[in-house]
Each structure stands twice: as C-alpha cells, then as structure tokens.
Amino acid sequence: MELFFQLVITGIVIGSIYALLALGFTLIYKATDVVNFAQGELLLVGAYICLHTTVTYNVPFIAAFFLTLVFTFLMGFCIEKIFLRRMIGEPIISIIMLTIGLSSVLRAIVTIIWGTDTLTFPEVFSQAPIVVFGLSISQVYIYSIFAVAIFLGLFTIFFKKSKVGVAMRAVASDQQAALSMGIDVKRIFALSWAIAAVVSAVGGIFLANINGVNTSLSHFGLKVFPVVILGGLDSIIGAIVGGLIIGILENLAGGYIDPLIGGGAKELFPFVIMIVVLMIKPYGLFGTVEVEKV
Amino acid sequence: MNYTNCGNFKSDYSKDTALFQTGFSRLCIYSLLIALVVMPFVLDSYFIYIANMIFIAVIGAVGLNILTGFTGLISLGQGAFMAVGAFSAGYLSLQGMPFYLTIPLAGIITAVVGAFFGIPSLRLKGLYLSIATLAAQFIIEFIIIRAEPITGGVIGLSINYANFFGVELDDDFKFYFLAMILAVSMTMAATNITRSKIGRAFLSIRDNYIAAEAMGIGLFRYKLMAFAISSFYAGVAGALWAYYTTIITVENFTIMVSIQYLSMVIIGGLGSVLGGIFGATFLILLPEALQFISDFGSNYYPAITQIVGSLKEMAFGLVIILFLLFEPEGLVRRWKLTKAYWKLWPFSY
C-alpha cells in the first residue's frame, strides 16, 4: 500500500506539471485554433533559462524564476508575432508542421547553447524528505504541487475576473463577435502564446528541480496530447483534471505493470488511454462537442 | 497552374488523364530514366549512397503523399510503418526467403497493419486523427521492442544482404539498381493510382468528405485503402532500408522519422507525386549539404564540427517554417513556375 501512495504522490507532482503544460496548450488552441507541437520546447527553454541565470549569474532562485517568466513571456509573444500571425486561416496540417518546425529550431538552439549533457540545479529545495502520514515525500515535490496549485488558481481568477482574461475567453468562444465588440484579437493571440510559454516555463523549472535538465525534457510536449484529449481540447478545467489523471495513471502503470513486462508501459500507457478516449469519447471529459453541419 | 503548350488541346477524357500529356514530357521522362541507369557508372560511391537514400525516401514520401496529400488524412505514423516493413522483411529473410519475396510481403504486412491503425480515421478527422496516428507510432514502437522472439527487441535484427540469383547486393553500386527499379516502378504505380477511379475518390474525400459520401464513395473503404496503400509504400521503403543497412533497430524509425516524411510531403507539395519526389530529394540532400559546408568551414572554425548535428536540426526546422510561410504549395509550384517561365523564354510576355 505504501508503494501505491508513493506512486500516487509522484503522479500528482508529474500530473500537475502536465496540467500546466496542457493549460498552455489549451489556451493557444482555444484562442487561436493552433495545435502546438512545440509545447515541450517552451518548457525546455524555460528550464534552461532559469538554470542559466541561477548558475552562471548567481541570481537567487526566486529572482531567476521571475526573470525566466518575463523572458518566456516575451518569447511567446514574439513567436506568435513572427510565425503564427501569418498562418491564420491556413489548413491544419500547415499549422501542425509549423509548430513542429518551430520545436526543432528551439531544440537546436538549446543544444547549441547548452549542449546535451544533463545539468542540475544548485540545491534550491533541501534534500531532506518530509514525512507525512508515514510517507516520506521529498520537499521539491511539495513545493511544486503548491506552486502549480497557486499558478492554476491565479490563472482561473485571471480568466474569470480580469478584463484581459475575459477578453481572451470572448475571443475563444467567438472571434468575430469579439472583434466587433472592440477586442483587439491580434493582441489576444499574442498574449495567449505569451501566457502559454510562461506556464510551460513554470512546469519546466519544477521538472528541472526534480530531475535535472536535458533536451529529453521536451518529450513532455508529446505527453500533453493524451492529457488534452482526455480533458477535452478546449477546456481549461479539463486540462487540469486530465493532467492529474494521466500523471497518476502513468505512474501507477509504471509501478505495477512495468515490473511484469520489463519496462516501457509507463511511457506507453498515456497513449493507450488516449486511443481509448478517442474511440469512445473523442471530445474528452469537458470538451465542446463539435456539431458538423453540411 | 496547369500550363500546357499552345495547340495541346484534348477532345476526350481519356486524353486528359493520360500519363504523358505531351510528346515532350514523354521524351523528358525517358531521358530521365536513361540518366538514372547511366548515373551510377559515372558517380563515385558517396553520391550513389545519397542516391540510394533518396530512392528509399522517395518511396516513403510518395506513399505518405497518397495518404496525406491526396486523401487529406494526416499521419504521424509513417516512421512506425516503415519499422513494421523493415522488421517483417528482416524476419522473413532470416527464415530463408529471398528478397524478391520478402519485400512485397513486407509491404503487404505493413499494409494490413496500416489499415488496422487507419480504422480510427473513420471517426476522427484532422487534428484528432494526427494525434491518433502519433499514438500508433508509440504503440508500434513498443510492440516491436517487446516482441523479442520476432524482432530481437532493442538489439534488433541483423540480416544478410539481398541475394539476386547469386549476386550479393552488398555495396552501394549494386544496391542502386534494386532501389532505383523499385522507386521508379512504385512512383509510376502511384501516378497511375492517382489518375484512376481510386485516386479521384481520394481527392473527393479530401476536398469534401460529406459530398463524396453523398456521391456514393464508401468512406470507410477508401480511407482504409488510402492507409493500406500508403503503408504498403512505407513497408517497401522500410524493407529496402533493411536490406541496405542490414542492421534493423527500432531507433531508426522513431517519431522523428515520421515527422521527416511529413515534412518531405509538405516541402515537396501536397497532393502531387512529383511533390513527394522533390521533397524527399530536398530533405535528403539538405543535411548532406550542411555536412559538406561544415567540413569546409571546420578549417577556419573547428568548433563547428561539434554543433553540426544541431545545425542540421535547426536547418530542418527552418526549412519547414520558411516553406510554410513563403511557399506553402511546395517545390512543385516553384517547378511549375520555372517551367512556365522557360517555355516562353526569352519572350515571357
């Protein structure tokens, strides 16, 4: 039973990072109809920038954290302005390929600057585990769960209460209506990319604190698909719930199925879930069902 | 943008779908074929190696173009289907079958697997389908690694060179002819498919599947057929690859390979057999050209050799982005414009 709880807790931590990534993905998809295959690379860039500022310039972690957020905000903004703006109205395959191209460029830049070796953060969170109900949990897990929860909460408030957030939801639900109500849709597009880059960077920084950074972190970008399919592509609450579910199930599969078949189940399991969801409930748990009219 | 000569008019439909529209195009194709036969006798083995890689890629890309370009079903699983082809060819050849049986059999096995993974395409479209094929990629990779008795697991298979009635196709030169003949005949077959009833059904599904269904085209049948044909091509390409390298591991067929093939189709031009050829040639030549430049540049700036891998990846991404932004219809459109320009040169107005 202890194994079970350990797996669930690791699952919640990883799942909350999936949730952040999926939140970014959903945000972009909702507002701009772009399927972002470069989500994992946004995470990667965020993780590396934070690591670089803390290690090379000896900036305290908290300051480096916020510097990274500012940087990734600008980066997301620029990516939208330079590349995605011209792709509005193009067929879906072009958009998919553009973000794939983007991901490969970003990954190449990262490897040119930082190489392929795994880099680790200086000890930000103390290594001593905390014992809760007889389970020892490392501190970085607790911090990341809290941080992710705070961020998810902040974004929920942002979308519900702030003017920009409401404008973003308006654009997501009906672009033309939003345009005619005086909302600057172009700015919203850029902003959704910027915010997506920021949330991915947050996920990246915590992942980097858990496992260290190397380019394989970008594989998290592909894991975002099971999450958003399960939760529903255009649902923010779906992204959060889906992230947690996939994170927990993945770790349970890793803990219970992997020893039986000798590994690999953990990586595969989310995609199997995804196929099942696609076959029986293609719009996910909370997604809007698209009604097709002739 | 279908430019034809003055006086080249058609009086019935069969002429409109003819393989060679004009006598000149027939002449061009025949001279290209002769050039392909003569080429290996002139070039050195490095260029023959590149040509072989291009032939393999052409088969895969033309196949994917039938699925993605003609039928409009986006697949991110071409790499995995190639793996199925390579491993089936490898397994059958270890059972003692000759290559002229294993290659078509590998194609057929892959076609069956492809059709199976194409079943979700009936319910899913666009983005959802591409994500489902992404899952297919991972599932097939997993199965191949797990099915150790057949595929050798992570280590993979090691097979003998193809044996053509006593002649071992063990170097670039000998392999060239096998690859060339397969690439040419499969390209030809693809061209013929696209101008047949099946090809027109594919196009109508891509353009408007509801209208296509209303006109009596069985969506399920034709979508599965598109998957099967495209996977057959992938399987043959994978089998060829297996005989070329003789060592088959699953690492050669990752998601990156699928992405690469999709990019070939995009860069070459969606919905055109010629596009598949152009795209494959371009994307095989690109890293080789970069390697050449970096070898040259390393005399002046030695550090370049360490980052050349990343530079290749960056160039790959940039090429995709630039094509999508500035030439979304791919190299085929460029080619047609160039042709049209030279036809009237020097009086282009």
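In this structure, Tyr128(B) has its ring center under 6.0 Å from that of Tyr283(A).
With a 4.5 angstrom heavy-atom cutoff, Met274(A) touches chain B only via side-chain atoms. Neither the backbone nor the side chain of Phe117(B) has a heavy atom closer than 4.5 Å to any heavy atom of chain A. If you measure heavy-atom distances from Ile100(A) to chain B, the contacts under 4.5 Å come from the side chain alone. Contacts of Phe138(B) with chain A are made by both backbone and side-chain atoms, with heavy-atom separations under 4.5 Å. Using a 4.5 Å cut-off between heavy atoms, Leu106(A) makes no contact with chain B at all. Looking at Ile119(B), there are no atoms closer than 4.5 Å to chain A (heavy atoms on both sides), in backbone or side chain. In this structure, the portions of Leu318(B) lying under 4.5 Å from any heavy atom of chain A include both its backbone and its side chain. Interface remark: Leu76(B) contributes side-chain atoms only to the contact with chain A (heavy atom separation under 4.5 Å). For a residue to count as touching a neighbouring chain, one of its non-hydrogen atoms must lie under 4.5 Å from one of that chain's; by this rule Met87(A) touches chain B with the side chain only.
In this structure, OG on Ser130(B) lies 6.5 Å from CD1 on Ile92(A), to the nearest 0.5 angstrom. Within the model, atoms CD1 of Ile131(B) and CG of Leu233(A) stand 6.0 Å from one another, a figure rounded to the nearest 0.5 Å. Remark: Phe271(A) CZ to Ile139(B) CD1 distance equals 9.0 Å, nearest 0.5 Å. Atom CG of residue Leu270(B) and atom OG of residue Ser94(A) lie 7.0 Å apart, to the nearest 0.5 angstrom. Rounding to the nearest 0.5 Å gives a distance of 6.0 Å between CG of Leu325(B) and CG of Leu98(A).
The two residues Ile321(B) and Gly101(A) make their nearest non-hydrogen contact at CD1-C, 3.8 Å. Here the shortest heavy-atom pairing between Phe142(B) and Ala265(A) reads CE1-N, 4.0 Å. Of all non-hydrogen atoms in Ala132(B) and Ile275(A), the two that sit nearest each other are O-CD1, 3.9 Å. Scanning all heavy atoms of the two residues, the minimum distance from Ala108(A) to Ser310(B) falls at CB-O, 3.2 Å.
Annotation: Tyr256(A), atom OH; neighbour count of heavy atoms from other residues, nucleotides and ligands within 6.0 Å is above 12. Trp335(B) CH2: 12 or fewer foreign heavy atoms inside a 6.0 Å radius. When the shell of 6.0 Å around CZ of Arg85(A) is examined, it contains more than 12 heavy atoms from other residues, nucleotides or ligands. In Ile113(A), the CD1 atom is crowded: over 12 heavy atoms of neighbouring residues, nucleotides or ligands sit closer than 6.0 Å.
Applying a 4.5 Å heavy-atom cutoff, none of the residues of residues 282-296 of chain B approach chain A. When the heavy atoms of residues 213-223 of chain A are compared with those of chain B, the residues falling under 4.5 Å are Leu222(A), listed by number. Of all residues spanning residues 255-264 of chain B, those with a heavy atom less than 4.5 Å away from chain A's heavy atoms are Met256(B), Ile259(B), Leu262(B), Ser263(B), arranged by number. Scanning residues 24-41 of chain A against chain B with a 4.5 Å heavy-atom cutoff picks out Tyr29(A), Val35(A), Phe37(A), ordered by number.
With respect to chain B, the highest number of heavy-atom pairs below 4.5 Å among Met97(A), Glu90(A), Arg86(A) belongs to Met97(A).
Looking only at side-chain heavy atoms (C-beta outward), Leu278(A) and Leu129(B) stay at 4.5 Å or farther from each other. When side chains are defined from C-beta on, Ile95(A) does not count as touching Leu324(B), because their heavy atoms never get closer than 4.5 Å. Under the 4.5 Å side-chain criterion, counting only non-hydrogen atoms from C-beta, Ile112(A) is in contact with Met314(B). Using a 4.5 Å heavy-atom threshold, the side chains of Ile266(B) and Ile93(A) count as touching.
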